[in-house]
Number of protein chains: 2
Amino acid sequence: MLKYITIANNIRDKINNNEYVYGQRLPYEHELCILYNCNKQTMKKALAILVKEGFIVRRRGSGTYVKDSKTINPINYSSVIYTRPFANLYNDVKSQVVEFSVIQADDFIASKLQVHKDDFIYHIIRSRYINDKPYSLEITYMPINVIPNLRIDHLEHSIYSYIENDLNLKIQSGHKKITSSISTPLEQKYLLLRENEPFIQVEQIAYLSSGVIFEFSSSRHHFKDFEFHTIVLLG
Amino acid sequence: MLKYITIANNIRDKINNNEYVYGQRLPYEHELCILYNCNKQTMKKALAILVKEGFIVRRRGSGTYVKDSKTINPINYSSVIYTRPFANLYNDVKSQVVEFSVIQADDFIASKLQVHKDDFIYHIIRSRYINDKPYSLEITYMPINVIPNLRIDHLEHSIYSYIENDLNLKIQSGHKKITSSISTPLEQKYLLLRENEPFIQVEQIAYLSSGVIFEFSSSRHHFKDFEFHTIVLLG
DNA sequence: GAGTGGTCTAGACCACATC
DNA sequence: ATGTGGTCTAGACCACTCT
């Protein structure tokens, strides 16, 4: 494991376990370097992760301080379910596979996945539940030559785990687009919506670290249940 | 200006001007270092910005490649209007000030701004237009002692510009939460919604680089017009 | 094997807050 | 004045791809 990741994980754990609490000044960079036996730049890289995640703030001339993470309610991170700090909180996620087939890409899907028209791709529809309450309907397209040998039991758990652990591919980033539209009978059925009620859609194009697109997906949520959290760097 | 920011801006411009086009391999890191007269680490820092913004992808052993930024439609970045690459595209943003007063923080606002109950804060409601079409209703709370001397003409343009250029404070990050609710007459009036139609809300707590919270805001959008784009690092 | 990008170190210098 | 975190450099070593 990389040193700066290990250090970041360790410090994050300490914040989560209240060894460092809200408002507290962390040891100075130089002290942390000695504590973790690393160089200044490596410590900067580790702490930069925690800044990005919103756990700490660094002030030149002053020090590094723990931010108020109590304002972050982890249960609401349904749309960033695969990202680091919160993934483990979702033990009771179940998936019902509504559709699992191989189709040929039309122009729209081909442009999103950046494959050729008529290339073979998986077409997957899953209804997902947290604590037996429906919380999303997920429509997923994946090129069959990027993600081979997908089976239905992978869908019932996590496709991402199959990709990372079994295929040994590295998932890098997702470009997400959040929009809202009036529901059709499909969303009404699986999200328990009434006619004319809208749903929230999170469209995603997901990349491997190689730059290859492996997924185009649409996660659809009941408009009343939806919460999406993100930290944006400004200025 | 910082060297790595300058370099990132320059390379981003070249991509936007099609000097580097989709799929093209950029010069190797070492060549770019010579071209921009900088060190390896500085170039890494510059290119990391463009990776995060989704402009390029780097492949170990191979090179750095331009990603398909045509899938990113800048006009849709209404909710990240203040972030770097797209801010300049919004020349025709107008604000109508609906409310501008100083009130005392109740428990809810005080907890969001992390100030004391009954501290004085600005209460601002603005209706914003792009190309004379209503696109958001923004409700903003700011502690008066963090952002002093705010005047109505600041509200009609950009509060952020007043904070950064006049007060000389550095804006760092925003914690955004996106949700949806049924509209009240307020949203119906300013977003041209019908009864029982929902709106999309982007709640934000915004931080200065000092770690001080300077803003709690709610941007409300018509559900049909709303698009929010973000890039999430996975895995 | 050669060359790429990624990690890590050591150290200089700077901007900023006040330990 | 001292010490903080931020930037930049120079160089070693590693993992990975293929020029």
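Below, each value reflects all heavy atoms present in this structure, side chains not excepted, and no hydrogens, waters or symmetry copies.
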Establish, from distance only, whether the side-chain atoms of B:Glu138 and B:Ser136 form a donor-acceptor pair under 3.5 Å.
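Yes, side-chain donor-acceptor contact under 3.5 Å.
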Could you tell me the separation between the [atom1] atom of [X] and the [atom2] atom of [N], rounded to a whole number of Å?
X       : N      : atom1 : atom2 : answer
A:Met1  : C:dC8  : CE    : C1'   : 16 Å
A:Arg58 : C:dC19 : CZ    : C1'   : 15 Å
B:Leu2  : C:dC16 : CG    : P     : 11 Å
A:Glu29 : D:dG5  : CD    : C1'   : 6 Å
B:Tyr36 : D:dC8  : OH    : P     : 15 Å
A:Asn39 : D:dG11 : CG    : C1'   : 13 Å
A:Asn37 : C:dA10 : CG    : P     : 9 Å
A:Gln41 : C:dC13 : CD    : C1'   : 13 Å

On DNA chain C, does the nearest nucleotide to A:Gly63 precede the nearest nucleotide to A:Lys40 from the 5' side, or the other way round? Give the residue.
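With A:Gly63 and A:Lys40 compared, the 5'-side residue is A:Lys40.
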Value for CE (B:Met43) from CG (B:Leu35), rounded to nearest 0.5 Å, stands at 7.5 Å
About how many Å separate CD of A:Gln201 and CZ of A:Phe226, when rounded to the nearest 0.5 Å?
10.5 Å
Determine, for B:Phe228 and B:Lys176, whether the Lys NZ or Arg CZ falls below 6.0 Å from the six-membered ring centre while staying within 45 degrees of the axis.
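No, a cation-pi geometry is absent between B:Lys176 and B:Phe228.
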Quick one: does B:His221's side chain have a donor or acceptor within less than 3.5 Å of a partner on B:Tyr135's backbone?
yes
NA contact type, A:Lys44, heavy-atom cut-off 4.0 Å: base, sugar-phosphate, or nothing?
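Since a base atom lies under 4.0 Å of A:Lys44, the category is base.
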Using a heavy-atom cut-off of under 4.0 Å over every strand shown, decide if A:Lys45 touches base, sugar-phosphate, or nothing.
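Sugar-phosphate: the residue A:Lys45, judged by heavy atoms under 4.0 Å, touches backbone atoms but no base.
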Does A:Tyr28 make a side-chain donor-acceptor contact with the base of C:dC19, cut-off 3.5 Å?
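Yes, the side chain and the base share a sub-3.5 Å donor-acceptor pair.
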Under 4.0 Å: is that the gap between some side-chain N or O of A:Thr64 and OP1 or OP2 of D:dG5?
yes
At less than 4.0 Å, is any side-chain N or O atom of A:Thr42 found next to OP1 or OP2 of C:dT9? Yes or no.
yes
Closest of D:dT9, C:dC8, D:dT7 to the B:Lys3 side chain is D:dT9
